[in-house]
Amino acid sequence: MRLQSAIFDMDGTLLDSMHIWNDLGPNLLRSMGIEPAPDLGDRLMVMTFRDGAALCKEEYHLSQSVEEIMDLTKAKVRTFYENEVQAKPGVKKFLSLLKMEGVWMYVATNTDRDLVEAALKHTGLEGYFRGVMTCAEVGAGKKDSPEIYERCMRRLRSTKKDTVIFEDALHAIETAKAAGFRVCGVYDPSAEADQDAIRDLSDYYIRSFEEMFETETLD
């Protein structure tokens, strides 16, 4: 895997954190006495935080403002990120190796910046990256546009042929590949049903970052 720069998704890729997101919206509605549609969690997963809050407000006729809905859900995520979240096995060792090799790295995530910073600080990963880019800052989600990857690449002063994107979600991998990037698919249990498609579409595929030390993957 030859690379000059690397772009990492955060939740489900660097961090073992997808479980906090999977039921976040549905559980919020249930706490209000509202039973959500069975597919709500899947729909929210590909949206920015604000867009997801707006969808819940509109479809479930919530009296709270979008900002209030965001605050309610963010509080739960922030507590998790500040106190509990863990990096996936092998992540820190792999990032250390890349940094030692002179590879520049960026985080490209759907999660809001303040939460990202809390999570990276708690896990001790913040020092490996030259910066963070969020979908909210870009104004488009990964399902709809590769703009977040394009911007990260420019900030890394790299090119598509020299950049590898690490992602766990099929919709994000589809977007990155369609834009001409090389992608390493990263296994996460939250996307179990998509693993065959992810494996077929990705240039590289790993079940764990610990696999990266079994062979000379950077050559």
R50: side-chain hydrogen bond (donor to acceptor under 3.5 Å, both in side chains) partners, not counting sequence neighbours: E67
Run the side-chain donor-acceptor check on residues 7-18: report pairs under 3.5 Å with partners two or more places apart or on a different chain.
unit_1: D9; atom_1: OD1; unit_2: K142; atom_2: NZ; d: 2.9
unit_1: D9; atom_1: OD2; unit_2: T13; atom_2: OG1; d: 2.9
unit_1: D11; atom_1: OD1; unit_2: S17; atom_2: OG; d: 2.5
unit_1: D11; atom_1: OD1; unit_2: W21; atom_2: NE1; d: 3.4
unit_1: D11; atom_1: OD1; unit_2: Y81; atom_2: OH; d: 2.4
unit_1: D11; atom_1: OD2; unit_2: Y81; atom_2: OH; d: 3.2
unit_1: D11; atom_1: OD2; unit_2: T111; atom_2: OG1; d: 2.5
unit_1: T13; atom_1: OG1; unit_2: D168; atom_2: N; d: 3.2
unit_1: T13; atom_1: OG1; unit_2: D168; atom_2: OD1; d: 3.0

K76 side chain reached by I20 side chain, heavy atoms, under 4.5 Å: no
No-hydrogen, no-angle side-chain donor-acceptor test under 3.5 Å, T109 and T134: no
Exceeds 12 heavy-atom contacts within 6.0 angstrom, atom CZ of R157: no
side-chain hydrogen bond (donor to acceptor under 3.5 Å, both in side chains) against D112, all qualifying residues, sequence neighbours excluded: K74
Contacts of E58 that satisfy side-chain hydrogen bond (donor to acceptor under 3.5 Å, both in side chains) - sequence neighbours left out: none
Residues H122, F80; criterion ring-ring contact (aromatic ring centres under 6.0 Å, His included); working and verdict: CA-CA 10 Å; H122 176 71; F80 173 71; 8.6 Å; no
Salt bridge flag under 4.0 Å for residues K177 and E167: no
Candidates E211, E192, R199 - the one meeting side chain to side chain donor-acceptor pair (under 3.5 Å) with Y187: E192
Cationic N near anionic O, under 4.0 Å, E147 to R151: yes
Pairing residues for R78 by the side chain to side chain contact (heavy atoms under 4.5 Å, CB included) criterion, not counting sequence neighbours: E82, D114, L115
Linked, directly or transitively: L125 and L156 (ILVMFWY side chains, under 4.5 Å): no
R182 CZ: over 12 foreign heavy atoms closer than 6.0 Å: yes
Interatomic spacing from CG in L3 to CD1 in I165 - rounded to 0.5 Å: 12.0 Å
With D51 via side-chain hydrogen bond (donor to acceptor under 3.5 Å, both in side chains) - residues at least two apart: T48
Check: F129 ring centre within less than 6.0 Å of Y106 ring centre: no
Salt-bridge criterion met for K160 and E150 (N-O under 4.0 Å): yes
Nearest-0.5 Å distance that lies between atom CG in D203 and atom SG in C184: 9.0 Å
L201/E174 under side-chain contact (heavy atoms from CB on, under 4.5 Å): CA gap, chis, key distance, verdict: CA-CA 8 Å; L201 189 59; E174 289 172 337; 3.5 Å; yes
E137/R155 salt bridge by N-O under 4.0 Å criterion: no
Side chain proximity check, V132 to R113, heavy atoms < 4.5 angstrom: yes
